[in-house]
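Heads up, the thing below is written out as structure tokens.
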Amino acid sequence: MRLVMNEPVERMEGGPYAKRWWALLVLCLSLLIIVMANTALTVAAPDMTQDLGLTSSDLQWVIDGYTVPYAALMLLLGAIGDKYSRRGALVLGLVVFGAGSVAGSLVDSSTGVIAARAVMGVGAAMIMPATLSLLAATFPRAERAKAIVLWTATAGLAIAAGPLVAGALLENHGWSSTFLINVPVAALAIVGAFALVPPSKAARHGRIDYVGGLLSVVWTGALVYMIIQGPHFGWDAKAVAAAVVAGAGLVAFVVWELRHPRPVLDVRRFLDRGFAGSNLAVALFFLAVFGAFYYLTQHLQFVLGYDPFDTGVRMLPLAGAVFVGSALTGFLTPRLGMKVTVTAGMALGTLALALLTRVDAASAYGDFVAPLVVLGVAIGLALSPCTDAIMGAFPEAELGVGGAVNDTSLELGGSLGIALLGSVLASSYSSHLADATEGSGLPASALATAQDSVGAGYAVAHGIGEQAAHAAPVQAAQLAEGARRMTDAVGSAFADAVAHTSLVGAAILAVGTVLVAALLPGRKARTEAEAGAGAGAGDREPVRV
């Protein structure tokens, strides 16, 4: 029995690779840990903030220090993987990701955690496009859509599973355990990659367009930095400079790629309605999903008072619904076409956010179950067909680039969702809290502190309660009543902010649904386009090791 799989798929005889579904399990496991690395941190953030003394700015960059290199490097690293080795890119990415995780568990400062998260982001930028390119290279075209459905379902599962795993670890361990849990999983994935995933790279691949690749790093990295810096910290010189660099870098990238004989990404593909519509759908959908996840986990923890583990358990309806939606996709898309399935998924996503506009101070967990289920079904319905369409637009020699384009759309959408909806949430919460505490006699400094975040608001209420414990009886009663009112005001203000932010998110996704429906070709047009592509398939380069 061979310990290392060294035979590429195209050299195998007797039909498709027999262990391809086991190989898919390895790819999904790799995907799972890089998505969970972000969602788990939302639950671990309070413990980390207390232990390291993080400011709100520090915490934001602990979260987003992962996102900037992750989004910026995927296209260039995807192209490098195509030329040299897609499996090699996956394994190297897992090694780097695991090393960053170990470093993150050992550091004791905000700078150290941010640096470790950045290293993890570099590893994720290798892993993410490699999982999709290896999937496409390993599975025959007839089975590729089904494999992508399972890949997408894994991403949806990871979104919900991150808080659950982090919550379970935090029951008996510190926040560093949420980093260390990645290490054995990465090690298992590395072993599985060598044993089960066939090697793959483009058969003929010319020199890599490094200038185009570096320009993509510049404009994407600057854009993500701007998305993070501007809404959260104000449009200062840094944010404006990042916006200028992103705009100039994008123009330079497009001009260079249009003139280069072998561009890292042929930007003319975006003139194809199906390709452009699929990327727009992925970006808009993850804008809504990551934005909603950002404030839902806070509401469950701070307002409803669930601990990290219970918060994770209560997000499970989302994960289960993703699998239901994915199963429906496999049934509906071949019968109704991609346009109908994707549009229906985005419409359901809009409905899920619209349901969240009913949240108020009296809302209990039961009020969140229906939106979570609807959102999970929507994820399963919409994303798999889009990913399949994006990957199908690239020849076999550029599968890594195809995976990188899909994943960059996903990451840009997610970053924009957290930044945009997070900014709306913060502004709305601050405004509602000021209204709720008007005339209460709360000092301006305490109000300003409470307006920083819902956690800070409850900390102020707790501080007032502690003052009551050391005051004279009459004053103690007044302070206790003030603490109760402050607690109620914070919960009510955040619930109102969730409702308002959900309305904004629903409006954005509703407009996006109309745009995507207009862009995506109908079933007949798509069938004709695929037939034309199939006629020219003989001109495409095969995949080999």
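Note that this is a predicted model, so its numbers are computed, not measured.
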To the closest 0.5 Å, what do you measure between [atom1] ([X]) and [atom2] ([Y])?
X    : Y    : atom1 : atom2 : value
L287 : L410 : CG    : CG    : 11.5 Å
L27  : L32  : CG    : CG    : 12.5 Å
L25  : S30  : CG    : OG    : 9.5 Å
D64  : I418 : CG    : CD1   : 6.5 Å
L383 : F286 : CG    : CZ    : 5.0 Å
M74  : T220 : CE    : OG1   : 8.5 Å

Between [X] and [Y], does any side-chain N to carboxylate O distance fall below 4.0 Å?
X    : Y    : answer
E398 : R269 : yes
K146 : D388 : no
R268 : E257 : no

Quick one: does [X]'s side chain get under 4.5 Å of [Y]'s, heavy atoms only?
X    : Y    : answer
L356 : Y295 : yes
F285 : M346 : yes
I208 : K83  : yes
I390 : V282 : yes
N182 : M120 : yes
L188 : L29  : yes
I148 : F139 : no
M338 : C386 : yes

Closest approach of [X] and [Y], non-hydrogen atoms and distance?
X    : Y    : result
T341 : P385 : CG2-CG, 4.2 Å
T343 : A517 : OG1-CB, 3.8 Å
L157 : A319 : CD1-CB, 3.7 Å
A155 : V35  : O-CG1, 4.0 Å
M226 : A242 : CB-CB, 3.9 Å
L94  : A189 : CD1-CB, 3.7 Å

What do you reckon, is [atom1] of [X] surrounded by more than 12 foreign heavy atoms closer than 6.0 Å?
X    : atom1 : result
F270 : CZ    : yes
W256 : CH2   : no
W235 : CH2   : yes

Do [X] side-chain atoms and [Y] backbone N/O form a donor-acceptor pair below 3.5 Å?
X    : Y    : answer
T333 : G330 : no
R262 : D209 : no
R273 : A518 : yes
N279 : F275 : yes

Quiz item: Centres of the W22 and Y17 rings: under 6.0 Å?
Solution: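 Centroid distance W22-Y17: not below 6.0 Å, so no.
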
Exercise. Answer yes or no on whether R335 is positioned over the face of F331, meaning its NZ or CZ is under 6.0 Å from the six-membered ring centre and within 45° of the axis.
Key: yes

Quiz item: Centre of Y70's six-membered ring, under 6.0 Å away, within 45 degrees of the axis: is that where NZ or CZ of R117 sits?
Solution: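 No; the conditions do not both hold, so R117 does not lie above the ring face of Y70.
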
Exercise. Would you check, one step at a time, whether the test side-chain hydrogen bond (donor to acceptor under 3.5 Å, both in side chains) holds for S200 with R86?
Key: CA-CA 6 Å; S200 171; R86 292 164 182 147; 2.8 Å; yes

Quiz item: Distance only, no hydrogens: is a donor on one side chain within 3.5 Å (strictly under) of an acceptor on the other, for T387 and W151?
Solution: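 There is no such pair (donor and acceptor under 3.5 Å, judged by atom type) between the side chains of T387 and W151.
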
Exercise. With salt bridge (Lys or Arg N to Asp or Glu O under 4.0 Å) as the test, would you mind laying out the steps for K238 and D236 before giving the verdict?
Key: CA-CA 5 Å; K238 293 179 181 179; D236 55 10; 5.8 Å; no

Quiz prompt | salt bridge (Lys or Arg N to Asp or Glu O under 4.0 Å) between E396 and R144, worked out | solution = CA-CA 13 Å; E396 299 296 314; R144 193 177 293 175; 3.6 Å; yes

